[in-house]
A.B. asks: 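Input: one structure, supplied below.
This is a predicted model, so every value here is computed, not measured. So that the names make sense, note that chain A is the first sequence line, chain B the second, and so on, each numbered from 1. Computed over heavy atoms, backbone and side chain alike; hydrogens, waters and symmetry mates excluded.
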There are 2 protein chains.
Amino acid sequence: MKTSLKPIKAKRISDQVFEQLRDLIYQGELRPGDQVLPERDLSVALGVSRTTVRNAINKLVVLGLLEHKQGQGTFVRHPDAKTRHPLAVAMSLEMEEATLEDMLEVRMGLECNAAALAAARATEEDIDRMIGCLEAMEADFRQKGDNINPNVDADFHMAVAYATKNPVHTYIMKNFHDFLFVGIQENLRMLYEDPKNIEDVLEQHRKVFNAIRRRDPEMAASAMKLHIRYVMLFFRDHSRRDLLDKIRVTES
Amino acid sequence: MKTSLKPIKAKRISDQVFEQLRDLIYQGELRPGDQVLPERDLSVALGVSRTTVRNAINKLVVLGLLEHKQGQGTFVRHPDAKTRHPLAVAMSLEMEEATLEDMLEVRMGLECNAAALAAARATEEDIDRMIGCLEAMEADFRQKGDNINPNVDADFHMAVAYATKNPVHTYIMKNFHDFLFVGIQENLRMLYEDPKNIEDVLEQHRKVFNAIRRRDPEMAASAMKLHIRYVMLFFRDHSRRDLLDKIRVTES
DNA sequence: TAAAGTTTATTGGTAATACCAATATAAATT
DNA sequence: AATTTATATTGGTATTACCAATAAACTTTA
């Protein structure tokens, strides 16, 4: 009888610490906003050096799971944190020649597909969430008349993302939210200066939503395509120096 | 006259080191495979402590730009390195409940769109590269008859990616190559056990390619959709325990 | 002289200690 | 009660030492 031996590869102590902390986050024992034990306490609790703990924590910070605050502590990062996601920072700096249109082209691929999946899979709760986003946008519009908050645009897209029930898609949208959305937000402000444009976008969101509610994947994809194309064309007409610069960061 | 003051935010020394090293890589002064100065030499050259250098290098490692080799040195990582990209590792571990089908659904969105863009933008060089990939796959098939190398499948998809001329899409496909492709490669081996299936896939690749060469974006997207759907249906019919497990990594 | 074994050097990984710097909290002063 | 100062907490950097993995150089053996 043949037996096969597999080489034993020692795992770095700091990687083991990393995995313990990561698993605490994934399993919900450390929730967004929670403070992680201070480094000195962690090193005592884990029986490793503070250097090793710092290595592990640094890795979690780069991956966007934790954030350092000197003088305050280390905290589990909110997925929707206002601080820029470190991966988004890294990506945007590596693609300094990318344009807003490049970004929207990729979103075209991701989100048209998402709209179709959402149409096939959305639950009543998902539908309600989308209604909430549309109503928030409409309320903002009625109240202000212009210059509405571009976050409500992203919120609607995130609601569609959740409705896909696809964890890969959801992960990409959540973790690269900064990268996929923040870059265009300043441009959206320009778009939203004109009430006519807001009405257009609202109408487009409604069309996407109606197609999803009617469980029509092709129509949902088509409506999302028209929406993103509309935004793309607006930016072509109103081009300024690519504001992707704005998400290129000098601080983390 | 009003003057506005902006708060001065000190940048961490280790982040400054990180940026210097990253820029050397981006600017091509450090190329894939090159060894970075040993940590002790870097700390002398930069006038900072070895701890600070290690912090910066660790960040570059997590982002997939560098790799450590104890006893050997620190090297600029090849984008096509056989070692798994750290971000892909992190993503796959965070999405442990994701299935192969989830993965393919996201690729459906990205790659159908890419096929359409490639049809609009491919250069003659891109066309030649795709021809090369098809020929490599056909040659492999003629030579072996079955069990061809699944890398040639990914190569063709990468060639389409480059033809989009979209740096965001190209970045995603390059850096998440592990995540997007490696996970299905073992499944592709199963697919390629049957010569009939290889013929099917070759035919589908040819259809995508022909639509690109004919500059027909809609047909290219449609052909890519049929291809990915074929693969998706194959895996539904031949489901085994999700082999995404296989890309969940116990080592980095 | 080639192969095998041993020793040494190089480089990353961890540990311990000390101190700096940012921030929050407590105590003292006005 | 408000302001100022001192202290404590926590992350950031520095230094020194040693461990561990790997490669290179050297020595020994057949």
Side-chain angles (χ1 to χ4, degrees), chain A residues 6-21 25 30 33-77 81-83 86 250-252, chain B residues 6-21 25 30 33-77 81-83 86 250-252:
Chain A
K6 291 168 71 177
I8 292 171
K9 186 137 180 309
K11 182 177 291 185
R12 290 172 76 198
I13 300 179
S14 63
D15 282 344
Q16 297 180 52
V17 172
F18 164 84
E19 285 170 13
Q20 280 210 43
L21 294 174
I25 298 170
L30 282 172
D34 283 357
Q35 178 176 355
V36 178
L37 273 181
E39 295 174 359
R40 292 168 180 84
D41 294 343
L42 266 179
S43 84
V44 169
L46 294 165
V48 300
S49 76
R50 195 183 152 216
T51 308
T52 298
V53 166
R54 285 184 58 77
N55 280 348
I57 289 183
N58 283 343
K59 190 166 173 174
L60 290 159
V61 168
V62 173
L63 291 173
L65 295 171
L66 296 181
E67 59 187 352
H68 287 297
K69 287 175 180 172
Q70 187 175 354
Q72 300 174 63
T74 304
F75 300 86
V76 182
R77 189 176 173 281
K82 293 205 187 322
T83 55
T250 52
E251 63 199 282
S252 56
Chain B
K6 291 168 71 178
I8 293 172
K9 187 137 181 306
K11 183 178 290 186
R12 289 172 75 198
I13 301 180
S14 63
D15 283 344
Q16 297 180 53
V17 173
F18 164 84
E19 286 170 13
Q20 278 210 42
L21 294 174
I25 298 169
L30 282 171
D34 282 358
Q35 179 176 354
V36 178
L37 272 181
E39 296 174 358
R40 292 170 179 83
D41 294 341
L42 266 179
S43 81
V44 169
L46 294 165
V48 300
S49 76
R50 194 182 154 216
T51 308
T52 298
V53 166
R54 285 183 60 77
N55 281 346
I57 290 182
N58 284 341
K59 189 165 173 174
L60 291 159
V61 169
V62 173
L63 292 173
L65 295 169
L66 295 181
E67 58 187 354
H68 288 296
K69 286 175 180 172
Q70 187 175 357
Q72 301 175 62
T74 304
F75 300 86
V76 182
R77 188 172 173 282
K82 292 202 188 321
T83 55
T250 50
E251 64 200 280
S252 56

A.B. asks: Starting at CG of A/Leu42 and ending at C1' of D/dG12, how long is that distance when rounded to a whole Å?
C.D. replies: 16 Å
A.B. asks: Please determine if a side-chain N or O atom of A/Thr74 lies less than 4.0 Å away from the OP1 or OP2 oxygen of D/dT10.
C.D. replies: no
A.B. asks: Could you check how far CD of B/Gln35 sits from P of D/dT22, rounded to whole Å?
C.D. replies: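 Computing the B/Gln35:CD to D/dT22:P distance gives 15 Å.
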A.B. asks: Hey, is the side chain of A/His68 poking within less than 4.0 Å of OP1 or OP2 on D/dT10, counting only N and O atoms?
C.D. replies: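 Checking A/His68 against D/dT10: no side-chain N or O falls below 4.0 Å of OP1 or OP2.
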A.B. asks: OP1 or OP2 of D/dA14 versus the side-chain N and O atoms of B/Ser43: is any pair under 4.0 Å?
C.D. replies: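 Checking D/dA14 against B/Ser43, no side-chain N or O comes under 4.0 Å of OP1 or OP2.
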A.B. asks: Starting at atom CD of A/Glu67, determine the distance to atom C1' of D/dG12, rounded to an integer number of angstrom.
C.D. replies: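 Interatomic distance, CD of A/Glu67 to C1' of D/dG12: 17 Å.
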A.B. asks: To the nearest Å, how far apart are A/Glu39 CD and C/dA22 C1'?
C.D. replies: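 Checked: the CD to C1' distance equals 14 Å.
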A.B. asks: Give, for atom OG1 of B/Thr51 and atom CZ of A/Arg54, the distance between the pair rounded to the nearest 0.5 Å.
C.D. replies: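 Those atoms lie 9.0 Å apart.
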A.B. asks: Measure from the side-chain N and O atoms of A/Gln16 to the backbone N and O of A/Lys11, and report whether any donor-acceptor pair falls under 3.5 Å.
C.D. replies: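 Yes: the side chain of A/Gln16 pairs with the backbone of A/Lys11.
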A.B. asks: Can you work out whether B/Arg54 or A/Gly71 has the more 5'-proximal nearest nucleotide on DNA chain C?
C.D. replies: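 On the 5' side of the pair lies B/Arg54.
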A.B. asks: Between A/Thr52 and C/dG13, is there a contact of a side-chain N or O with OP1 or OP2 at under 4.0 Å?
C.D. replies: no
A.B. asks: Please state how far atom CG in A/Asn58 lies from atom C1' in C/dT14, giving the value in whole angstrom units.
C.D. replies: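 After rounding, the gap between these two atoms is 15 Å.
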A.B. asks: C/dG12 base to A/Arg12 side chain: any donor-acceptor pair below 3.5 Å?
C.D. replies: no
A.B. asks: May I have the distance from B/Ile57 (atom CD1) to C/dG13 (atom C1'), rounded to whole angstrom?
C.D. replies: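 Rounded to the whole Å, the gap is 12 Å.
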A.B. asks: What's the spacing between B/Thr52 OG1 and B/Arg12 CZ if we round to 0.5 Å?
C.D. replies: 8.5 Å
A.B. asks: Any chance you could lay out the side chain to side chain contact (heavy atoms under 4.5 Å, CB included) test for A/Asn58 and A/His68, step after step, and finish with the verdict?
C.D. replies: CA-CA 9 Å; A/Asn58 283 343; A/His68 287 297; 3.0 Å; yes
A.B. asks: Could you check B/Leu37, B/Ile13, B/Val17 and say which one makes a side-chain contact (heavy atoms from CB on, under 4.5 Å) with B/Leu46?
C.D. replies: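 With B/Leu46 as partner, B/Leu37, B/Ile13, B/Val17 yield a single side-chain contact (heavy atoms from CB on, under 4.5 Å), made by B/Val17.
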A.B. asks: By nearest heavy atom, map B/Asn55 and B/Arg50 onto DNA chain D; which one lands nearer the 5' end?
C.D. replies: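 Its nearest nucleotide lies further toward 5', so the answer is B/Asn55.
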A.B. asks: Can you find a side chain N or O atom of A/Ser49 that sits less than 4.0 Å from OP1 or OP2 on C/dA15?
C.D. replies: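 For C/dA15, OP1 or OP2 has a side-chain N or O of A/Ser49 closer than 4.0 Å.
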A.B. asks: In whole angstroms, how far is the C1' atom of D/dG11 from the CG atom of A/Asp41?
C.D. replies: 13 Å
A.B. asks: Please determine if a side-chain N or O atom of B/Gln72 lies less than 4.0 Å away from the OP1 or OP2 oxygen of C/dT11.
C.D. replies: no
A.B. asks: How long is the line joining NZ of B/Lys69 and C1' of D/dA24, in whole Å?
C.D. replies: 17 Å
A.B. asks: Where each residue is assigned the nucleotide of DNA chain D containing its nearest heavy atom, which of B/Thr51 and B/Arg40 is assigned the position nearer the 5′ end?
C.D. replies: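 This one resolves to B/Thr51.
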